[in-house]
Each structure stands twice: as C-alpha cells, then as structure tokens.
Participant: 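My structure is below; once you've seen it, I'll send some questions.
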Amino acid sequence: MATIGIFDSGSGGLSVYRELVKLLPSERYVYFSDNAHCPYGEKTPAYIQDRARFITDFLLGKGADIIVVACNTATAAAIATLRSEYPEIPFIGMEPAVKPAALGTRSGVIGVLATAGTLKGSKYLDTRGRYASGVKVVEHVGQGFVELVENGILDGPEAESTVRASVTPLLEKGADILVLGCTHYPFLLPVIQKVAGEGVRIIDPAPAVARHTVRVLQSHTIPMDEGPFSIELHSSGPSDSLHRIFALI
C-alpha cells in the first residue's frame with residue numbers, strides 16, 4: 001500500500017484528491033491544508049518554499065512515499081526546490097492544461113484562470129510558450145475564488161458575482177475554452193459554467209494529474225492496491241473549512 005501525501009495552501013487540493021481516489025481507491029492518504037498561510041497567490045517564492053519544506057517534512061514524518069503538490073502556485077514556486085532538496089522522494093506538480101485547450105479551441109482563443117503567482121511562474125510561462133504559440137491566450141486572476149472556497153461559498157449570488165467579474169473579461173476576448181489554473185477553482189465549476197455558458201468548455205487538470213501519479217508510482221515500483229483505504233486530514237489553521245469541503249466530495 002502506498003502512502004500518498006498531498007498538500008495545498010488550503011482545501012483546494014481536495015479536487016486532486018477526489019480524482020486520485022477514483023484511480024487509487026486502496027491507498028493511504030495524508031492531506032495537509034496550509035490554511036493558516038492561505039492564499040499563496042500573492043506570497044513570495046521564498047515564503048512558499050519555506051512552507052513547502054515544512055509541509056514536506058510533516059508528510060514524510062507521516063510515511064509519505066510520494067508527495068502531490070496539489071497547488072499550482074506552490075508548484076510554480078517550490079517544486080524544483082523540493083525535487084533538489086529531497087531527491088529520494090517523487091513529487092507530482094500541477095500544470096495548467098494549456099496544451100489540450102490549444103488543441104481544442106474553435107475560436108483560437110483560450111482563457112486561463114489562475115492565481116497571480118501561477119501566471120508569473122516559469123512553469124506556466126514555459127508551458128504556454130511550448131503549446132500555445134498558434135493561439136491567443138488571455139489570462140485573468142480568479143480574484144476572490146480561493147476565499148470563496150475556503151469559506152464554503154460554492155454557489156449563490158456572492159459566488160456568481162465574484163466569478164462573473166473574472167470570467168467575463170475572458171469571454172469578451174473570445175475565449176471558448178477556460179483552463180482552471182488553481183486547484184480551488186474546480187469547486188466553483190458549476191458557477192463558472194453557468195457564467196460562461198454551455199458553449200464554453202472548462203478544463204480541470206486534476207484527472208490528468210491523477211493519471212500521472214499512477215504512472216510515477218508504477219515507475220518507482222511503490223506497492224499499490226494492498227489496502228485498506230485511509231485518509232488523514234491535517235491543517236495549519238482551523239480545520240472547519242477542510243472538513244466541510246471534504247464532506248462534499
């Protein structure tokens with residue numbers, strides 16, 4: 001049985017966990033929400049790297065065989081550092097799904113919703129440069145999205161008005177596919193789809209990350225499917241939001 005460590009700035013990484021458990025239902029999971037330091041989007045890379053080291057040590061202390069950095073901002077700021085400083089541990093990061101969006105757009109315009117930290121990160125910029133040269137990429141920070149999810153506001157007028165403020169500029173520029181570049185955002189998917197309309201496709205990268213995690217576990221010959229399933233939830237701050245979101249998946 002593999003012990004899979006997962007961390008995020010808050011509860012958003014549970015959107016990755018729910019995809020992992022579909023493919024790996026008989027493993028042990030340890031999830032860490034760094035909600036006392038959330039959101040990461042405006043934090044400096046050095047700050048996020050320090051938090052990532054702390055959380056990695058915590059997850060290793062819990063027996064993690066592999067660590068999923070279920071946070072786009074932390075991936076951008078810290079995964080290279082983690083791989084360098086913990087070479088014996090496989091790390092899985094998040095990558096905005098620019099490639100499938102570029103291949104699938106009909107209008108030639110794709111929209112990316114992400115945090116400021118992700119949009120400035122070299123990982124995203126490299127991905128955009130490799131796969132989106134033939135299309136127009138328009139970007140917008142999902143302003144207030146993380147806070148909505150952490151507060152459990154996943155629908156209703158407040159959620160809709162907040163989402164509309166960030167999604168409408170992308171639609172006005174012609175985007176027919178929206179890429180969700182933060183693991184919190186899939187919890188707002190029904191609202192995002194409502195605002196965007198049925199003709200706009202929305203891509204959540206979490207399923208692809210889950211599939212990649214399976215491949216990495218196999219390549220490292222880490223035993224799997226020996227069960228029984230278990231999940232531990234930990235947080236650096238109050239755990240109410242984490243348990244509330246977990247109850248929804």
Participant: Please answer: with hydrophobic residues joined when any side-chain heavy atoms are less than 4.5 Å apart, are V137 and V179 in the same cluster?
Facilitator: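 V137 and V179: one cluster.
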
Participant: Is the shortest side-chain N to carboxylate O distance from E19 to R211 below 4.0 Å?
Facilitator: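 The answer is no: the pair does not qualify as a salt bridge.
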
Participant: Can you tell me if T118 and N72 form a side-chain donor-acceptor pair at under 3.5 Å?
Facilitator: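 Not at all, the side chains of T118 and N72 share no donor-acceptor pair under 3.5 Å.
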
Participant: Between the side chains of S236 and D34, is a donor N or O closer than 3.5 angstrom to an acceptor N or O?
Facilitator: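 Present: a donor and an acceptor within the cut-off.
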
Participant: Do E160 and P157 touch side chain to side chain, with heavy atoms closer than 4.5 Å?
Facilitator: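 No, too far: nothing below the 4.5 Å cut-off.
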
Participant: Does S166 reach the main-chain N or O of Q143 with its side chain, forming a donor-acceptor pair under 3.5 Å?
Facilitator: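 Here the side-chain-to-backbone pair exists.
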
Participant: With a 4.5 Å heavy-atom cut-off, do V109 and V138 have their side chains touching?
Facilitator: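 Side chain of V109 against side chain of V138, heavy atoms only: contact under 4.5 Å found.
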
Participant: Go through it in stages, so that I can follow the logic: the residues are E139 and Y124, the test is side chain to side chain contact (heavy atoms under 4.5 Å, CB included), and I'd like the CA-CA distance, side-chain angles, deciding distance and then a yes or no.
Facilitator: CA-CA 11 Å; E139 303 157 346; Y124 166 71; 2.5 Å; yes

Participant: With no hydrogens and no angle check, is any side-chain donor or acceptor of T168 less than 3.5 Å from a backbone partner on A165?
Facilitator: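 Answer holds: no.
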
Participant: Answer yes or no: is there a side-chain heavy-atom contact under 4.5 Å between P39 and H184?
Facilitator: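 The answer is no, as the side chains (C-beta and beyond) never meet within the 4.5 Å cut-off.
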
Participant: Under 3.5 Å, is there a donor-acceptor pair between the T73 and T115 side chains?
Facilitator: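 Yes, a side-chain donor-acceptor pair sits under 3.5 Å.
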
Participant: Count I, L, V, M, F, W, Y as connected when their side-chain heavy atoms are under 4.5 Å apart, and connections chain through other members. Are V216 and L23 then in the same cluster?
Facilitator: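 Yes, V216 connects to L23 through the hydrophobic network.
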
Participant: For the residue pair D8 and Y31, what are the closest heavy atoms and their distance?
Facilitator: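 In this case the closest contact between D8 and Y31 is CB-OH, 3.4 Å.
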
Participant: Under 6.0 Å between the ring centres of H234 and F58?
Facilitator: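 Yes - the distance between ring centres of H234 and F58 falls below the 6.0 Å cut-off.
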
Participant: As a quick check of understanding, evaluate side chain to side chain contact (heavy atoms under 4.5 Å, CB included) for E150 and C38, giving each step before the final call.
Facilitator: CA-CA 9 Å; E150 289 299 312; C38 183; 4.1 Å; yes

Participant: Surrounding NZ of K123 (heavy atoms of other residues, nucleotides or ligands, distance under 6.0 Å), is the total greater than 12?
Facilitator: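 Atom NZ in K123 is packed in, count exceeds 12.
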
Participant: Quick check: do F187 and L148 have side-chain heavy atoms less than 4.5 Å from each other?
Facilitator: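 A side-chain contact under 4.5 Å is absent here.
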
Participant: Does L154 reach the side chain of V191, with side-chain heavy atoms less than 4.5 Å apart?
Facilitator: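 Of all side-chain heavy-atom pairs linking V191 with L154, none is under 4.5 Å.
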
Participant: Identify the heavy atoms of A175 and G111 that sit nearest to each other, and give their distance.
Facilitator: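 Where A175 meets G111 most closely, the heavy atoms are CB-N, 3.6 Å.
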
Participant: Looking at T105 and A101, would you say the former's side chain and the latter's main chain have a donor-acceptor pair under 3.5 Å?
Facilitator: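 No, because the side chain of T105 does not come within donor-acceptor range (under 3.5 Å) of the backbone of A101.
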
Participant: Out of the candidates L20, V69, V30, only one should pair with I6 under the side chain to side chain contact (heavy atoms under 4.5 Å, CB included) rule; please name it.
Facilitator: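 Between I6 and the candidates, side chain to side chain contact (heavy atoms under 4.5 Å, CB included) is satisfied uniquely by L20.
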
Participant: Find out if a path of hydrophobic residues (ILVMFWY) with successive side-chain heavy-atom gaps under 4.5 Å connects V146 to I48.
Facilitator: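 No, V146 does not connect to I48 through the hydrophobic network.
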
Participant: Apply the test side chain to side chain contact (heavy atoms under 4.5 Å, CB included) to residues Y40 and C71: give CA-CA distance (whole Å), side-chain angles for both, the deciding distance (0.1 Å), then the verdict.
Facilitator: CA-CA 9 Å; Y40 280 175; C71 174; 3.8 Å; yes

Participant: Taking the inter-plane angle between the rings of Y29 and F229 on a 0 to 90° scale, is it parallel (under 30°), tilted (30 to 60°) or perpendicular (over 60°)?
Facilitator: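 Rings of Y29 and F229: tilted, as their planes differ by 30° to 60°.
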
Participant: Looking only at heavy atoms, what is the nearest atom pair of Q193 and E198, with distance?
Facilitator: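 Heavy atoms of Q193 and E198 come nearest at NE2-CA, 4.2 Å.
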
Participant: Can you check whether I66 reaches T213 side chain to side chain, under 4.5 Å on heavy atoms?
Facilitator: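 Yes. Closest side-chain heavy atoms under 4.5 Å.
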
Participant: For M94, does its backbone N or O pair with a side-chain atom of T75 as donor and acceptor, under 3.5 Å?
Facilitator: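 A pair under 3.5 Å: yes.
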
Participant: Does the cation-pi check pass for R51 over F7, that is, NZ or CZ under 6.0 Å from the six-membered ring centre and within 45° of its axis?
Facilitator: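 That pair does not qualify as a cation-pi contact.
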
Participant: According to the interplanar angle, ranging from 0 to 90°, do the rings of Y17 and F246 count as parallel (below 30°), tilted (30 to 60°) or perpendicular (above 60°)?
Facilitator: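 The rings of Y17 and F246 sit tilted, inter-plane angle from 30° to 60°.
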
Participant: Side-chain donor-acceptor pair under 3.5 Å between Y47 and E42, yes or no?
Facilitator: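 On atom types as modelled, these side chains do not qualify, holding no pair under 3.5 Å.
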
Participant: Here's a test for you: under side chain to side chain contact (heavy atoms under 4.5 Å, CB included), which of I79, T56, I92, T3 qualifies with I67?
Facilitator: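 Testing each of I79, T56, I92, T3 against I67, the sole residue satisfying side chain to side chain contact (heavy atoms under 4.5 Å, CB included) is T56.
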
Participant: State, with a plain yes or no, whether a side-chain heavy atom of H37 is found less than 4.5 Å away from one of F54.
Facilitator: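 Result no, sub-4.5 Å side-chain heavy-atom pair not found.
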
Participant: Are side-chain heavy atoms of I192 and L180 found at a separation under 4.5 Å?
Facilitator: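 They are in side-chain contact.
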
Participant: Is it the case that one hydrophobic cluster holds both V112 and Y185, taking links as side-chain heavy atoms less than 4.5 Å apart, direct or via other members?
Facilitator: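 No, V112 does not connect to Y185 through the hydrophobic network.
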
Participant: Could you go step by step and tell me if D65 and I4 meet the side chain to side chain contact (heavy atoms under 4.5 Å, CB included) rule?
Facilitator: CA-CA 6 Å; D65 299 300; I4 301 171; over 6 Å; no

